[in-house]
Amino acid sequence: MEERFEFRTVEGKRRLFMIDGKDDVVSESLIQRFVNIGTMMRRLEIFADALKSRHEDPTGYALQYAMLTVLTYLRDTSVDASIPVGDATFHATWLKYGDLEATLTALTAFVGRTPNHSPELYEAVDLRPIPLLSRLYEHLNLHIDRQSPRVTRAILAFLLTHACVHYFKRLSATVGLGLSSISQRENDVPVPKEVDDPEDDVAAEEPVTDTELDAYPSFVPGYLSELLPKARRSLVLLRAADASHPMLVDAGEYTLTWFWSIEDIVASQEALDGRRTQTIAGSKADESRTPPVEPSKSYKPELSAFHMFDLDPGAHLSNAHLVTTSTSPLHAFISTFPDSLPPLTPTLAHLTELVLHPLAARAESLSRALLGVFFTSSMDLNFRAHLEVLRSYLLCTSPAFTARLTAALFDDGLDRRGTHSSLMVPGLSARTRQKQKEEDLKAATDPWAVGLAPALLERGSWPPVGADLSFLLRTVILDSFEATCAMAVSLPAASKEADDAGRDRAILKYDVDNRLGFAIRDLPEGTGKEGWLNPLSIEALDFLYMEYRPPHPLDVLISQDTLTKYQRLFSFILRLLRVQHALSSLYRMSTDSVAPVFDTLAQARKKLLHLRFVAQSFVTAVSSYVFDAAIRGNFDAFLDRVSLSAAQLSAEAESEEEEAFTDVFSLADAHSGMMNDILNACLLRSGQRSVSKLLQQSLETILQLCVMIGELKEERIEEYRAAAALDEIYDTFRSKTSTLCKVLQGMCDKGPGTVMCRDGSLTANEKHPRRPIGGSEAVAHLLLRLDMTTWWSRY
């Protein structure tokens, strides 16, 4: 079946309609337009029936309804009662149907069924909602660019308007606009007149699924296609964070739809700008678009019906059809469709952006509302309060927590028997203390894990995973938290910053016991290089980490990936604290006047004292850099930015100095990026493995020195053997630290770094007082603190 009107063929010969006074060539040429019109009308009817038989979603039903309305309209408006005799009249009639043919050609091109193709060569049209709407929009945009006849553009716009009704409802519902909507007053954008949708009831009952909204039609701008998924997730998070938020309980409604009349476009733009502009009155615009009405003769009231006889023959038929129920919406739509888009929206893309502005405004409002909950909440959803806890505990910046943690895990006493150990658990009986001493004497054959608390080794196995460790670490968290809150309460009222910090911590006092805790990490075994299985290794405490469980939906800002970065820093800080306490033990051992180290070897003792001083300087420089520059230099600047964003949000204005966070996802990315900067500054990223290894080897060498002196102090090795080991440690440490400084210098010379003065201060071109110190560029601060490549290596 060809789905085509053709001239009849009889016995192999074509039968032509002959026009009186015209030959067969002219007759066929004149009649061909009407044959094409009939063919295209029939193909469009078949396409509309195919839409119905496919049982498509409401978008397909709406398009079918609009298509049938268009076909009825075109069929009715093309009726002419008679064609007067005469060449001029005939050619005028032929030209009159040119717009109808152009409109049908545009429609058949849209459905892929142009008259010059047979059915087997039809273009395949994807009837799924997203591709179908994109195809319809692109065809309309093409004809607007070509300045096709106004009726053609209006009919394509009518099809697009009806086809988008259901999709707009579902798209709006995903951001709470319409079904759980904001009011028209809040949006302050006038709502155009709703179009008729025969599937309105069906569409409202269908659930909205994320899988149907993963892609967007081509008319959705790129920025909006990125904004809407974030707004959709923000709506879910806002419901979880504050179900009673005004944006969720507002009963107002807003219907998103296309609008094409100049009045609606001007009114929407004026509402968007918040001001009225001088425009042409709507009545005048209507007059310019409405076809002029032929003046009629004046009749008496009782004879007014006779004005019909003043019309052209057949005109009464078209007028009668134009007011029928089925086509009156389309006729009204075409009558108000502008000849060209106004200067406010010169292209279809500009008009689309204005039509979809309520979606963008709603998405931005949702993002601001969710940020407001996380910034201003007085409950456990306060993001800044959680940041304070993370910085204080997982990054060990709280003095109370650090003091109790080091008391539980480390020791800087005189010997490993705990005689002068700082870890003396209160409440132990004399019998228990005696038992500890006996166990220490029994373990005297084991090497002394200098720097570690004796209580961790009392069971004779490593790692210590007994109940004693759990109890000690649990009391560390609770005691330090209460001490911090008590300290904040006792501070003077004038100390506003300290008072704010104490109040933020007090917010989490109720559930800190459930949010924060120590845990044992599952580490790989069997390689023979597991440092966490050896208490003498710098990696001895790598099995221990702090677990933090943020409440939902705050876990989108404090994700598990970000918490992993906190835990990596916590493990690094434990290594650093271990070396610091080992050096404290080394100092006490080397200053013992009763049993001095290297009593008979003066040169070895001199080298030990020099190496002890250099090692202490190195560790102090690294430690101060990690806490003051890497952590506080980035974390405090991030807290300032969070406070600035909260202030901007409450004032509903943006600062000129720094842009506020746009949504929780950009805030989460900034949080993760800040942790990346800290890891970079601490040389802990995977791309810094070589320089990180040099830093760790330097710290390991210092720990080896402390362990070796501990063995010498307990008379486990002879002095001459210790002196040889000291020389080796000395050379190794000097080699590692010198190489480390050279690599750091190369990093500063090769990459963009922070411009610094010799005293370490930022130069005058730094405008922001709390600018983050950054990641790799912060290495200049570490190099400046070390600065030992010229003065100590000569000795």
Side-chain angles (χ1 to χ4, degrees), residues 395-397 402-403 405-416 421-423 447-454 456-457 462-463 531-532 534-545 568-591 608-631 681-684 691-713 725-726 728-730 732-737 739-741 782 785-786 788 792:
L395 301 185
C396 299
T397 60
T402 306
L405 179 67
T406 55
L409 297 179
F410 306 112
D411 175 53
D412 55 2
L414 182 60
D415 55 31
R416 63 170 175 151
S421 175
S422 61
L423 177 66
W448 180 10
V450 181
L452 291 179
L456 299 179
L457 300 166
W462 193 264
W532 61 279
N534 181 11
L536 303 180
S537 172
I538 195 175
E539 304 170 355
L541 292 174
D542 283 1
F543 68 90
L544 183 67
Y545 73 98
R568 289 176 60 189
L569 279 167
F570 180 74
S571 297
F572 175 71
I573 291 172
L574 286 184
R575 296 180 182 182
L576 200 56
L577 291 175
R578 165 74 185 283
V579 176
Q580 284 181 327
H581 283 76
L583 278 173
S584 298
S585 297
L586 175 62
Y587 176 80
R588 296 191 179 185
M589 289 185 290
S590 60
T591 56
L608 170 63
L609 296 179
H610 173 68
L611 183 56
R612 186 194 70 185
F613 173 76
V614 172
Q616 183 67 48
S617 301
F618 179 83
V619 173
T620 301
V622 173
S623 178
S624 63
Y625 164 77
V626 168
F627 287 102
D628 296 338
I631 295 179
C682 294
L683 308 176
L684 296 177
V691 64
S692 177
K693 187 176 181 180
L694 285 172
L695 177 60
Q696 178 172 330
Q697 289 174 346
S698 300
L699 296 175
E700 283 178 337
T701 305
I702 296 174
L703 184 60
Q704 291 174 5
L705 171 66
C706 299
V707 172
M708 186 270 293
I709 298 300
E711 294 295 288
L712 177 62
K713 186 68 176 177
L726 178 63
E728 183 178 353
I729 292 174
Y730 184 92
T732 302
F733 180 74
R734 184 173 61 178
S735 173
K736 297 297 182 183
T737 53
T739 305
L740 174 64
C741 291
L782 176 59
R785 291 171 188 265
L786 292 176
M788 58 171 61
W792 77 275

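Of the inter-residue distances, the one linking Thr406 atom OG1 with Leu574 atom CG reads 10.5 Å to the nearest 0.5 angstrom. Note that the CG atom of Leu699 and the CZ atom of Arg578 stand 12.0 Å from one another [nearest 0.5 Å]. Here the straight-line distance linking atom OG1 of Thr701 with atom CD of Glu728 works out to 10.0 Å at 0.5 Å rounding. Note that CG of Leu608 is 9.0 Å distant from CG of Leu712, once rounded to the nearest 0.5 Å. Residue Ile573 holds its CD1 atom at 10.0 Å from CG of Leu405, rounded to the nearest 0.5 Å. In this structure, the separation between OG on Ser571 and CG on Leu576 is 12.5 Å, given to the nearest 0.5 Å.
Using a 30° and 60° split on the angle between ring planes, His610 and Tyr730 fall in the tilted class, from 30° to 60°.
The closest side-chain heavy-atom distance from Val626 to Phe572 is below 4.5 Å. Considering only heavy atoms from C-beta on, Trp448 stays 4.5 Å or farther from Ile709 through its side chain. Within the 4.5 Å cutoff, side-chain heavy atoms of Leu740 are placed close to those of Phe618. The shortest side-chain heavy-atom distance between Thr739 and Gln697 does not fall under the 4.5 Å cut-off. Between Val622 and Val579 there is no side-chain heavy-atom pair separated by less than 4.5 Å. Side-chain contact between Leu541 and Phe410 is present, with heavy atoms from C-beta onward closer than 4.5 Å. Taking 4.5 Å as the limit, some side-chain heavy atom of Cys706 sits within range of a side-chain heavy atom of Leu583.
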Exercise for review: I would like to know whether Thr620 and Gln616 meet side chain to side chain donor-acceptor pair (under 3.5 Å); could you show each step before the answer?
Suggested key: CA-CA 6 Å; Thr620 301; Gln616 183 67 48; 3.2 Å; yes
**Study point:** Candidate pair Arg785 and Asp628, rule side chain to side chain contact (heavy atoms under 4.5 Å, CB included), full reasoning
**Key:** CA-CA 12 Å; Arg785 291 171 188 265; Asp628 296 338; 4.2 Å; yes
Check your understanding: Between Phe733 and Val614, is a side chain to side chain contact (heavy atoms under 4.5 Å, CB included) present by the stated rule, with each step listed?
Key -> CA-CA 10 Å; Phe733 180 74; Val614 172; 3.6 Å; yes
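For the pair Leu703 and Ser537, the tightest heavy-atom approach, listed with the atom from each and the gap, is CD2-C, 3.8 Å. Summarising the geometry of Met708 relative to Ala725, their closest heavy-atom pair is CG-CB, 4.1 Å, with the distance given to 0.1 Å. Between His581 and Gly451, the shortest heavy-atom contact is CB-O, 4.0 Å. Taking every heavy atom of both residues into account, Gly710 and Val450 meet most closely at CA-CG2, 4.4 Å. Across every non-hydrogen atom of Leu409 and Leu456, the tightest pair is O-CD1, 3.3 Å. Here the closest non-hydrogen pair linking Tyr625 and Ala681 is OH-O, 2.6 Å.
At distances below 3.5 Å, at least one donor-acceptor pair connects side-chain atoms of Trp462 with backbone N or O atoms of Ala540. A donor-acceptor contact shorter than 3.5 Å links the side chain of Thr402 to the backbone of Cys396. Side-chain atoms of Tyr587 never come within 3.5 Å of backbone atoms of Arg612 as a donor-acceptor pair (strictly under, hydrogens ignored).
Not counting sequence neighbours, the partners of Arg575 by the side chain to side chain contact (heavy atoms under 4.5 Å, CB included) test are Ile538, Glu539, Asp542, Gln696.
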